[in-house]
Structure formats: structure tokens, C-alpha cells
Colleague: 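Here you go, one structure.
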Amino acid sequence: MDNVPFERLDRYTYRIPRHGKMWVDAVFYANDEILAQLEAEGYASLKQLVNVATLPGIVGPALAMPDIHWGYGFPIGGVAAFDPTAGGVVSPGGVGFDINCGVRLLTTRLTREDLEPRKTRLADALYRRVPAGVGSARRDVRWSPKDLKTVLREGARALVAQGFGEAADLERIESGGRLPLADPDRVSARALERGGPQLGTLGSGNHFLEVQYVDEVYDPEAAEAYGLWVGQVTVLIHTGSRGLGHQVCQDYVERFLQAARRYGIELVDRQLAAAPIESPEGQDYLHAMAAAANFAFANRQLITHNVRLAFEDAGFLPRDHQLRVLYDLAHNNAKFEEYAGRRVLVHRKGATRAFGPGAPDVPPAFRTVGQPVLVPGDMGRYSFVLAGTPGAMTRTFGSSCHGAGRQMSRHKAKKAARKRNLIAELEAQGILVRAASRATVDEEMPEAYKDVASVVDVVHGAGIGKKVARLRPLIVVKG
DNA sequence: ATGTTC
């Protein structure tokens with residue numbers, strides 16, 4: 001049934017007026033190309049957005065960013081806020097399986113030319129230092145159960161305290177690299193078991209580690225505040241909470257199906273399983289989710305440490321590379337934030353926090369331009385750095401897009417890539433690939449993704465993000 | 001995303 005009624009509000013903004021069991025309107029951002037894609041999928045992801053608007057205690061519109069696509073329960077690219085004092089709910093499907101999956105951008109003082117003679121050495125060193133692939137694990141560092149729980153409680157700072165990284169790194173992570181509330185005792189033994197050996201690993205799927213260069217600057221003032229300049233080498237890390245977060249999500253999805261029934265929450269889709277924020281179940285999930293989120297921050301911190309070692313393996317001294325964290329931000333979590341004097345729980349699933357100038361938790365250096373918003377594209381084209389805007393604060397609960405979004409299923413991509421040699425094609429374009437599995441490279445081929453430039457143009461045009469710079473890949477490490 | 005069907 002292709003019957004999602006929507007109307008155009010302005011060039012890039014569309015509204016699905018409240019109807020049926022919806023408590024509020026839904027709003028999404030798109031251009032003609034994205035609209036055509038939504039139609040081609042029978043509006044499956046917009047229907048998911050409509051479903052989100054039926055959950056109790058939702059505040060303001062249910063929102064979707066222009067990289068919206070179908071997900072578990074909630075659409076990926078979805079943003080939804082709930083009022084804890086008005087029966088508002090929390091839903092594991094509104095956060096996603098990869099809890100606190102996110103992106104961290106490192107800057108260097110190296111130019112593309114500095115890198116060129118050592119590019120192969122660096123690619124090999126990164127692949128050696130950062131385990132990638134399904135079930136990837138580290139053998140060099142063992143975390144005792146006690147130390148692992150400290151990581152879940154303290155996040156990235158627990159890693160810095162052990163010598164993995166620098167104190168300055170922590171100032172450049174969303175929420176200081178630690179979500180409050182984290183309680184490892186509400187994480188199952190099975191989740192802890194899965195997570196232990198995986199701290200400091202990349203994983204598989206769309207996760208990656210990329211060495212890039214700044215190709216173009218659109219906003220010189222913001223670029224200067226961020227310390228970005230044309231020709232500069234950067235490193236982008238995309239990974240999350242690995243098997244630990246996945247297990248936490250699975251544990252609570254099962255429990256929340258029963259909880260929803262107990263609290264009389266009508267679910268138009270079982271995958272929306274939810275519990276009141278203030279219920280024991282809701283509280284348990286929020287505390288466990290925060291612990292998994294801290295694991296993800298710590299994961300990106302340990303990878304950062306190993307990226308620094310890899311640059312040194314390749315012959316760059318610390319004073320030459322000067323690897324610094326520009327920013328680390330997540331796109332799969334639920335956080336308490338305040339809008340128009342109201343404290344709400346904002347679910348972001350495949351959506352990025354994009355706080356504008358003057359907002360809380362934005363590092364002092366970025367306070368006048370807004371927080372950096374990192375938007376990875378695909379491994380052949382480019383990624384973008386945006387800045388948070390006042391428009392995002394008033395219209396999208398301080399949120400923006402998180403990536404390009406697929407336009408081809410994994411299966412279809414694999415089939416299309418079968419008769420090609422993606423790794424050789426990318427190398428011919430100057431992009432070195434080191435991957436644990438050819439199948440993953442095939443699934444992740446550039447054509448499998450929408451052009452992220454189109455997504456970013458919608459965000460920029462709608463005023464919920466501002467283009468700052470574009471990054472082009474030089475080395476790609478994949479699972 | 002995921003010890004990719006504990």
C-alpha cells in the first residue's frame with residue numbers, strides 16, 4: 001500500500017500530517033532524487049516514520065533526515081523525542097543494534113604529498129594495528145572483568161587513564177566520551193563476554209578506517225576553527241560497540257516486548273518494542289545502553305591510539321604527524337536534552353547530533369561556529385564535514401544526517417561487483433584498500449550508496465547543517 | 001550492525 005500522505009512545506013521539507021494513530025506530525029527532508037527512491041521502496045521507511053509517531057509521549061514531529069532508509073522498527077535516519085513526565089517511552093529499536101556507533105575524525109599536519117612516499121607502508125601498518133572483519137578481536141590487550149566494567153562506566157577516559165591516548169582527546173568527544181547513567185551491572189554476562197576481546201577493533205559491514213585529504217573548503221571560518229585546510233591529511237574512523245552493543249540491544253528487545261504489553265503500550269509493529277522511560281525496564285535499558293555507548297567511545301579511543309602507532313610504524317614521528325582528535329560523535333543513541341525548556345529523551349538512529357553555536361557540550365574552540373558534524377560517504381568518492389546550525393536546534397532537536405544511505409541492497413551490490421575487481425579499480429584511482437574480506441568490499445562498493453553530496457545539499461539547503469569541507473579517500477581499511 | 005541462523 002503506497003498511501004503515505006505527505007505535503008511539501010518548502011524546497012526540502014515535507015510533512016506527513018497527523019492521522020490514524022499518530023500523536024504528532026512526521027517531518028522529513030528530501031530532494032526529488034530521494035523522493036523517487038522513497039517511492040521506489042513503496043514508502044516502507046516513511047511508514048516506519050509514521051509508526052514512530054504513534055508511540056506514547058512523543059514530542060514534536062517524528063523526524064527523518066535525508067539519508068532515511070528502512071531499519072529495525074524505527075527508520076535509519078530517524079530522530080524522535082519523548083517526554084519522560086508524559087508517559088514518554090524509550091525503545092531499543094529507536095537506538096539501533098550498534099549502540100553509539102559513530103565517527104571520529106583525526107587531523108594531521110601532514111600534506112597529501114608528505115604521505116605519498118609512505119602510503120603503502122601506512123596502509124599495511126593500519127591494517128596490522130587495527131583488527132578488522134567479522135568477529136575481529138585483539139590478542140595484545142586483555143581486559144579483566146573488573147577493567148572492562150570500568151571501561152563501560154568511564155568510556156574513553158578509562159582508556160586515556162591506561163595510556164591509550166591523550167587527555168586532550170577527551171575534550172573533542174561528544175559528551176566527553178562518557179554517557180552518564182552507565183551501569184555495567186545491567187549488561188548481561190554474554191554481552192560482556194562478546195565485548196571484551198573486541199575493544200579496539202573495527203568490525204565489518206559499513207565500518208571502516210580511512211586516510212583522506214581535505215579536497216575542498218566551503219566555509220573558511222568554520223574550517224579554521226576546526227583546524228582544516230586544503231591538502232591536509234585526515235583520518236576517519238567509523239565503528240561502534242561491536243558484539244557488546246548488539247547483545248545489549250537483543251537482550252532488551254526481547255524484554256521490552258513483554259514490558260510493552262504490561263504497560264499497555266500498543267505497538268503497530270512489534271519491532272517498536274518500548275517501555276516508559278521511568279519504568280524499571282526503561283531505566284535498566286538506559287543504564288545498559290549508556291554502558292554500551294561508553295564501550296563504543298572507548299573502542300574509537302583505542303583505535304585512535306593504534307592509528308598513532310601505525311603512523312609511527314610508517315616512519316612519521318609524532319611531531320611530524322601531530323594526530324589530533326577533531327571530533328568524535330555518535331549516530332545511534334538516546335540522550336536527555338533540553339528544548340524550549342522541556343527535558344526530553346532524544347532517540348537518534350542513524351542521525352547525528354548537530355548542535356549549533358552557543359549550544360551546551362560544544363567545545364570552546366567551536367562555540368561560535370557550532371559543533372563539527374561528520375558525514376561519511378562511500379569509499380570511492382568523498383565524505384563531508386558540516387557544522388551544526390541554529391536551524392537544527394529549533395527544528396530537528398539538534399540533529400542532522402549521518403551518511404549517504406544505501407541505494408542498493410547488500411545482495412544486489414555483491415552480485416553487481418562479482419564480475420569486477422573493486423580493489424583494483426579503487427587502486428587505479430589512487431585509493432589503497434586493505435580488507436579482511438572481498439565480499440565486504442563488494443557489498444560496500446561506491447555505487448551501492450547514494451551520492452552523499454546530494455544528502456548534504458539537502459541538509460545545507462534546509463538549514464539543519466552547514467557545509468564546511470570535503471574529504472577524499474587515500475587509504476581504506478575494511479572488515 | 002551481528003561469533004552475518006544461540
Side-chain angles (χ1 to χ4, degrees), chain A residues 45 48 67-78 91-104 130-139 143 148 187-209 237-255 271 273 285 288-289 291-293 295-297 299-300 303 329-334 347-352 376 378-379 402-406 408-415 417 435-444 448-449 477-479:
Chain A
S45 50
Q48 291 191 311
D67 49 339
I68 180 175
H69 52 286
W70 191 91
Y72 181 90
F74 286 50
I76 295 158
S91 172
V95 169
F97 272 83
D98 192 0
I99 293 168
N100 220 38
C101 183
V103 189
R104 177 182 290 211
V130 183
V134 178
S136 46
R138 296 200 75 94
R139 283 171 301 274
W143 300 88
L148 186 58
V187 172
S188 68
R190 194 181 196 178
L192 291 169
E193 244 167 65
R194 287 180 69 173
Q198 296 186 331
L199 194 61
T201 66
L202 207 51
S204 181
N206 63 3
H207 290 164
F208 64 79
L209 168 59
I237 300 160
H238 176 204
T239 186
S241 49
R242 311 283 288 102
L244 187 145
H246 191 271
Q247 190 64 47
V248 168
C249 183
Q250 199 178 306
D251 292 341
Y252 281 90
V253 158
E254 287 165 19
R255 198 171 154 203
Q271 295 185 352
Y285 173 70
M289 183 214 62
F295 182 91
F297 283 136
N299 191 25
R300 294 192 286 274
I303 290 174
L329 74 165
H331 48 237
N332 279 8
N333 61 24
H347 293 65
R348 295 190 181 91
K349 181 189 190 176
T352 297
D378 60 76
M379 60 178 151
H402 88 307
R406 277 195 169 272
M408 213 185 265
S409 71
R410 293 192 174 280
H411 179 74
K412 203 177 154 197
K414 219 185 290 192
K415 214 174 133 188
S437 126
R438 181 185 160 163
T440 301
V441 175
D442 287 356
E443 287 175 0
E444 292 289 310
Y449 284 90
V477 177
K478 289 289 293 180

Colleague: Round to the nearest Å and state the distance from A/Leu202 atom CG to B/dT4 atom C1'.
Modeller: 16 Å
Colleague: Using a 3.5 Å limit for the pairing distances, which stems of at least 3 consecutive Watson-Crick or G-U wobble pairs does DNA chain B take part in?
Modeller: none
Colleague: Listed by chain and number, what are the side chain to side chain contact (heavy atoms under 4.5 Å, CB included) partners of A/Thr239, not counting sequence neighbours?
Modeller: A/Leu202, A/His207, A/Ile237, A/Arg242, A/Asn299, A/Arg300, A/Ile303
Colleague: Starting at atom CG of A/Asn332, determine the distance to atom P of B/dT2, rounded to an integer number of angstrom.
Modeller: 11 Å
Colleague: Give a yes/no on whether any side-chain N or O of A/Arg242 is located under 4.0 angstrom from OP1 or OP2 of B/dT2.
Modeller: yes
Colleague: Mind calculating the distance between OH (A/Tyr252) and P (B/dT2) to the nearest angstrom?
Modeller: 21 Å
Colleague: CD of A/Glu254 versus P of B/dC6: gap in Å, rounded?
Modeller: 13 Å
Colleague: Once you apply a heavy-atom cut-off of 4.0 Å, does A/Ser204 come out as touching a base, just sugar-phosphate, or nothing?
Modeller: sugar-phosphate
Colleague: Compute the centroid of each ring, for A/His238 and then for A/His402, and state whether the two points are separated by less than 6.0 Å.
Modeller: no
Colleague: Using modelled atom types only, decide if a donor and an acceptor are shared between the side chain of A/Gln198 and the backbone of A/Gly243 within a distance under 3.5 Å.
Modeller: yes
Colleague: Dump the intermediate steps for side-chain contact (heavy atoms from CB on, under 4.5 Å) on A/Glu443 and A/Met408, then the final yes or no.
Modeller: CA-CA 9 Å; A/Glu443 287 175 0; A/Met408 213 185 265; over 6 Å; no
Colleague: Taking for each residue the nucleotide of DNA chain B with the nearest heavy atom, is it A/Gln250 or A/Gly240 whose nucleotide lies nearer the 5' end?
Modeller: A/Gly240
Colleague: Distance check needed: B/dT2 P versus A/Asp251 CG, whole Å only.
Modeller: 16 Å
Colleague: Whole-Å distance between B/dT4 C1' and A/Arg438 CZ?
Modeller: 19 Å
Colleague: For A/Arg255, what residues pass the side-chain hydrogen bond (donor to acceptor under 3.5 Å, both in side chains) criterion, not counting sequence neighbours?
Modeller: A/Asp284
Colleague: Donor-acceptor pair, A/Asn333 side chain versus A/Val95 backbone, under 3.5 Å?
Modeller: no
Colleague: Base, sugar-phosphate, or nothing: which does A/Gln198 touch, judged by heavy atoms less than 4.0 Å apart?
Modeller: sugar-phosphate
Colleague: Before you tell me yes or no, could you show the steps for A/Val253 and A/Tyr72 under side-chain contact (heavy atoms from CB on, under 4.5 Å), namely the whole-Å CA-CA distance, both residues' side-chain angles and the distance that decides it to 0.1 Å?
Modeller: CA-CA 11 Å; A/Val253 158; A/Tyr72 181 90; 3.2 Å; yes
Colleague: Between A/Tyr72 (OH) and B/dT2 (C1'), how many Å, whole number?
Modeller: 14 Å
Colleague: Closest to the A/His246 side chain: B/dT2, B/dT4, B/dC6?
Modeller: B/dT2
